[in-house]
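Worksheet for the structure shown next.
Read the numbers this way: they start at 1 and go in the same order the structure lists the ligands and their atoms. Just so it is clear, the structure is predicted and the values come from calculations on it, not from any experiment. Note that these values count all heavy atoms, side chains included, but never hydrogens, waters or copies made by symmetry.
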Amino acid sequence: MARMAVSVLAILLASSALVAANFNREFDITWGDGRGNIQDNGQLLTLTLDRTSGSGFQSKHEYLFGKIDMQLKLVPGNSAGTVTAYYLSSQGSTHDEIDFEFLGNVTGEPYTLHTNVFTQGQGSREMQFRLWYDPTKEFHTYSVLWNPKHIIFMVDDVPIRDFRNLESKGIAFPKSQPMRLYSSLWNADDWATQGGRVKTDWSHAPFSASYRGFRADACVVAAGGRTRCGASVGTDAATGTGAVAGDWYNQELDLTRQQRMRWVQSKYMIYNYCTDPKRFPQGLPAECSM
Ligand SMILES: *[C@@H]1O[C@H](CO)[C@@H](O)[C@H](O)[C@H]1NC(C)=O
């Protein structure tokens, strides 16, 4: 009996640690004139796109490092021309940015997952992937682990990209400009699908993408510019007060996960700026040789 009570308690604790934050508390729908909606008591968010407009949202908080997870289900069917962007960004011309962008396709053809990292306003670090599943059928988790040493992109907890801090080699790394989380669904048929050759088919509109399961174990910039790090910001912000950042703050990929990432890159990466010298007549970016 006592043992059963203990295991029930353990399950309760484990599941409460996984409780997703409330979208109403964490985000503002910033554009789209009613095309973005928060539903299910804050547990689900949908963005839509039609011929008139797309839509988007942004986080209420600004983050300076964090492990940020979101589950997305992308536009199904003929999504050609549509782009679902999901990214962290600071403000201004020397901004930092960490990007996931999902480029739609005609029915039956694969999405492209496009990633990029901007430091001090400078991007051109694209890496693109195929996914190993249909991202429109179910929700999948897309995560950014951003700490002082690494920016690690993950898909269902599988690392696909690791942008390391190489400041000691003179390469800028995002570490002092707080970033907000943004997402939008918009029409980019001038470039997105098969290089812009395939246009959005508006007879399928409205297009819709869904979000749930947002979690941020992050350092949040509080009023007055102080940063507060804590577990699960938003789920229970109170417990975060004055707390130190979690394990994610010092996390890097162990050997097994590095090998996993290399394997994913060898099988699913379809573009890597580091292997595209034509883009860089002056020579490949320095981090490419490290
Ligand atoms: C769409 O499908 C075509 C054909 O399979 C592929 O070449 C292309 O990379 C896919 N993705 C995009 C975004 O165009």
(message) Could you work out, with side chain to side chain contact (heavy atoms under 4.5 Å, CB included) as the rule, every residue matching S266, not counting sequence neighbours?
(response) none
(request) Take the angle between the ring planes of Y142 and Y133 and call it parallel below 30°, perpendicular above 60°, tilted in between. (result) tilted
(request) In plain terms, say whether K67 and D69 are close enough for a salt bridge, that is, a side-chain N and a carboxylate O under 4.0 Å apart. (result) yes
(request) Tell me the residues surrounding ligand 1, counting only those with a heavy atom closer than 4.0 angstrom, sorted by chain and number. (result) L103, G104, N105, E109, P110, T112, R130, A192, T193, Q194
When the side chains of residues 110-118 are checked against the rest of the protein, which donor-acceptor pairs come out under 3.5 Å, sequence neighbours left out?
residue	atom	partner	partner atom	Å
Y111	OH	V75	N	3.3
Y111	OH	V75	O	2.7
Y111	OH	S79	OG	3.4
T112	OG1	R130	NH1	3.0
H114	ND1	Q128	NE2	2.9
T115	OG1	M127	O	2.8
T115	OG1	R161	NH1	2.9
N116	OD1	R125	N	2.9

(message) Taking CG in N41 as the centre, count heavy atoms belonging to other residues, nucleotides or ligands within less than 6.0 Å. Is the count above 12?
(response) no
(message) Listing request: all ring pair (Phe, Tyr, Trp, His ring centres under 6.0 Å) pairs with a residue in residues 263-290, at least two apart in sequence or in separate chains.
(response) W132-Y268
